[in-house]
Amino acid sequence: MKVLLGILAALAVVGAIWYFGMSYSLDVGATPAAPLGDFAKLESALTGKGLRKETPQPAEVKSLLGDRMEIAADLVATSYVDLVPGLRHQVLVLRRPDGKVAAVCSNFRSGSFDYSKTGTRAENFAALYWTALSGAEPKFKKESEGGGDRREFLIARFQKGTIDAQWKKEGGSATLMVPHEIADLVTFIAK
């Protein structure tokens with residue numbers, strides 16, 4: 001009986017830490033002059049979620065954002081890494097020399113075909129950031145790449161003012177069938 005009570009108490013503590021550690025609202029100070037938000041507010045939101053600040057390698061920045069934008073040499077990249085054992089879930093923020101946010105990218109394994117505010121801190125941030133900037137939850141549609149393997153993926157997009165955003169969910173195989181293989185890449189670019 002004592003063991004059962006101990007397990008229940010431990011689960012309650014872990015659940016409370018998870019629940020209260022996850023925020024379901026986000027204010028990043030987005031304005032027409034700073035469409036992706038104020039860097040200080042972004043950083044506060046990310047570190048407040050418990051993400052660890054790091055300097056990413058240039059090759060990593062290019063691999064995550066190279067298809068969506070040209071990575072100029074004068075951009076300053078900062079990575080906020082989720083401490084998920086065995087996985088690299090992160091939010092990447094690129095700033096221009098004037099300090100304005102040029103792009104925000106989040107990559108994580110959601111294991112979900114749908115939009116969710118739960119999951120890791122990187123996933124929670126991406127979901128809340130999307131709704132804060134777009135005003136709505138993403139609407140995914142299935143597409144496939146051309147070529148021999150014709151890989152399926154789910155994609156949602158929005159353009160609002162100078163913001164160009166895309167949420168792409170890809171699986172480990174040619175068809176999207178196994179949820180635990182879903183990897184998400186969410187990008188926000190200020191044009």
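Considering every non-hydrogen atom in both A77 and T55, the closest pair reads O-CG2, 4.4 Å. Of all heavy-atom pairs between A122 and L51, the closest is N-CD2, 4.3 Å. Taking each heavy atom of D82 and R121 in turn, the nearest pair found is OD2-N, 2.7 Å. Taking all atoms of both residues into account, the shortest heavy-atom contact from H89 to F108 is ND1-CB, 3.4 Å. Considering all non-hydrogen atoms of both residues, W130 and A165 come closest at CZ3-CB, 4.0 Å.
A distance of 4.5 Å separates CD of E152 from NZ of K142, quoted to the nearest 0.5 Å. Atoms CZ and CG, on R52 and L83 in that order, are 5.0 Å from each other to the nearest 0.5 Å. Put simply, CZ on R109 and OG1 on T120 are 11.5 Å apart, with the number rounded to the nearest 0.5 Å. To the nearest 0.5 Å, the span separating CG on L46 from NZ on K53 amounts to 10.5 Å. Summarising the geometry, atom OG belonging to S134 is positioned 14.5 Å from atom CZ belonging to R157; distances are rounded to the nearest 0.5 Å. To the nearest 0.5 Å, atom CD of residue E60 and atom CG of residue L65 are 10.0 Å apart.
Between I155 and K141 there is a side-chain heavy-atom pair separated by less than 4.5 Å. Contact of the F153 side chain with the E143 side chain is registered, since non-hydrogen atoms from C-beta on lie closer than 4.5 Å. Side-chain contact between S79 and R88: present, with at least one pair of heavy atoms (C-beta onward) separated by less than 4.5 Å. Inter-residue side-chain proximity for D74 and R96 is flagged as unmet; no heavy-atom pair is nearer than 4.5 Å. The side-chain heavy atoms of F188 and V101, taken from C-beta on, include no pair separated by under 4.5 Å.
At a threshold of 4.5 Å between side-chain heavy atoms, the hydrophobic network of Ile, Leu, Val, Met, Phe, Trp and Tyr places L154 and F158 in one connected group. Put simply, L64 and L75 are part of the same group of oily side chains (I, L, V, M, F, W, Y) that touch within less than 4.5 Å, one to the next.
Under a cut-off of 6.0 angstrom, the local environment of CD in E54 is crowded, with over 12 non-hydrogen atoms contributed by other residues, nucleotides or ligands.
Aromatic ring orientation, F140 versus W167: perpendicular (interplanar angle above 60°, classes split at 30° and 60°).
Ion pair R95/E43 not flagged as a salt bridge, since none of the NZ, NE, NH1 or NH2 atoms sits closer than 4.0 Å to an Asp/Glu carboxylate oxygen.
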Side-chain donor/acceptor pairs under 3.5 Å, residues 26-37, sequence neighbours excluded:
unit_1	atom_1	unit_2	atom_2	d
D27	OD1	G29	N	3.1
T31	OG1	A33	N	3.4
T31	OG1	A34	N	3.0

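Judged by distance alone, the side chain of K160 and the main-chain N or O of L133 form a donor-acceptor pair under 3.5 Å. In this structure, S106 contributes its side chain and V186 its backbone to no donor-acceptor pair below 3.5 Å.
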Side chain to side chain contact (heavy atoms under 4.5 Å, CB included), that's the test. Do Y129 and L42 meet it? Break it down for me. CA-CA 10 Å; Y129 194 57; L42 267 172; 3.8 Å; yes
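A side chain to side chain contact (heavy atoms under 4.5 Å, CB included) with L94 holds for exactly one of I189, V61, T78; it is V61.
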